[in-house]
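Heads up, the thing below is written out as structure tokens.
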Protein chains: 2
Amino acid sequence: MSLTVPSARRDEIVAAARQILEKEGPSNLTMRALAERLEMRAPSLYKHVADKDELEALLIAEALRGMGEALHAALEGLPSRGSKKRALATLARAYRTWALAHPHLYRLATEGELPRALLPDGLEAWTAEPLVRVTGDADRARAAWAFAHGMTILELDGRFPPSADIDAAWEAGTASLSVA
Amino acid sequence: MSLTVPSARRDEIVAAARQILEKEGPSNLTMRALAERLEMRAPSLYKHVADKDELEALLIAEALRGMGEALHAALEGLPSRGSKKRALATLARAYRTWALAHPHLYRLATEGELPRALLPDGLEAWTAEPLVRVTGDADRARAAWAFAHGMTILELDGRFPPSADIDAAWEAGTASLSVA
DNA sequence: GTCTATAGTGGGATAGAC
DNA sequence: GTCTATCCCACTATAGAC
């Protein structure tokens with residue numbers, strides 16, 4: 001099965017996989033369960049998708065598009081000559097909101113190695129673009145991304161104690177991280 | 001098998017498990033492989049360890065102790081009235097160095113849920129203590145921890161492009177994150 | 001405390017007929 | 001493009017003898 005031949009059936013498969021992933025978590029996303037939801041037999045899936053890795057790459061691409069849309073949209077609502085610090089906080093809020101709304105998709109797209117060879121060209125960079133624009137510098141963008149990802153994944157993993165004021169920690173970070 | 005009954009044999013099992021984990025990664029740490037390394041049969045392991053979860057908790061405890069030692073030691077070498085900013089950078093270096101030296105152990109201890117019920121009381125707090133001391137505040141400590149964990153896990157996962165100047169990103173973050 | 005034997009579960013993937 | 005049949009893999013964990 002070649003990589004990028006589009007097909008309506010395949011889109012249905014990816015949509016179903018996404019539903020399973022988002023609602024039941026990664027351990028329940030098996031080729032068998034996916035086939036069952038589509039009312040077909042598992043071996044038939046392999047006529048549409050090379051293997052599970054390809055399927056996951058298609059989901060990761062959806063995640064990157066979704067996150068990218070959220071981040072680009074967050075910046076659009078802002079005055080173009082406004083405070084960069086404020087823009088960073090806005091971006092951070094959009095990032096966290098998207099991740100908490102799609103925790104399994106967020107994890108899939110941000111944990112472990114990224115199967116770059118299976119992703120559309122330029123998608124990764126497009127997703128990250130708003131952050132680079134606000135920080136004005138690749139090093140600061142990476143620092144800000146690391147902070148946001150760290151906060152997000154630690155929250156998703158239940159690493160902060162119940163008493164922790166997570167909003168305040170985000171605030172402490174975005175207020176002090178340097179921007180352009 | 002009760003939780004905290006110490007035993008020499010169990011220490012050997014944990015040590016062997018750690019070797020496998022560190023050298024061959026988590027997917028190769030199976031009860032079978034562990035038994036094989038110890039020249040015994042897998043079922044015999046269950047006389048010493050309740051199950052794999054308990055074994056992993058013992059490894060996580062080792063990781064937290066190791067990281068904690070590295071962080072406490074890093075602060076000891078510093079003048080007690082020196083710059084907090086400088087202390088934060090020192091701590092960050094120690095954190096990163098430890099993680100890169102023990103990537104699989106680092107992942108085990110920082111990814112996913114922490115099995116707090118199976119860990120020694122106070123260990124988690126002791127590991128984090130140096131960071132709280134330097135930032136002087138729980139919110140800032142969490143922000144700094146999120147930054148450090150984000151940088152580390154993104155580096156371990158190969159998320160930064162080869163062209164990225166990871167040292168510079170660390171520097172950008174630690175220089176701007178606020179301290180006491 | 002070690003063994004043998006094995007249960008029980010689940011997964012990804014392929015061959016070949018229709 | 002779908003099916004049936006099946007393979008092959010791997011793992012955790014238990015029962016019961018010694």
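Numbered from 1 within each chain, the chains take letters A, B, ... in sequence-line order. Computed from a prediction, not measured in an experiment: that's the story for all the values here.
The distance between the ring centers of B:H102 and B:W98 falls below 6.0 angstrom.
More than 12 heavy atoms of other residues, nucleotides or ligands sit less than 6.0 Å from atom CZ of A:R116.
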Could you pull out all donor-acceptor pairs under 3.5 Å where a side-chain atom in residues 13-20 of chain B meets a protein atom, sequence neighbours excluded?
unit_1 : atom_1 : unit_2 : atom_2 : d
B:R18  : NE     : B:E22  : OE2    : 2.6
B:R18  : NH1    : B:E62  : OE1    : 2.7
B:R18  : NH2    : B:E22  : OE2    : 3.3
B:Q19  : OE1    : B:R37  : NH1    : 2.7

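The OG1 atom of B:T174 lies 7.5 Å from the CZ atom of B:R93; values are rounded to the nearest 0.5 Å.
Following rounding to the nearest Å, A:L45 (CG) and D:dG1 (C1') show an atom-to-atom distance of 12 Å. For B:E36 and D:dA10, the CD to C1' distance is 14 Å, given to the nearest whole Å.
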B/S/- along nucleotides 3-18 of chain C (protein heavy atoms under 4.0 Å) is BBB-----BBBB----

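Contact annotation: the side chain of B:P120 approaches that of B:R65 to within less than 4.5 Å [non-hydrogen atoms, C-beta and beyond].
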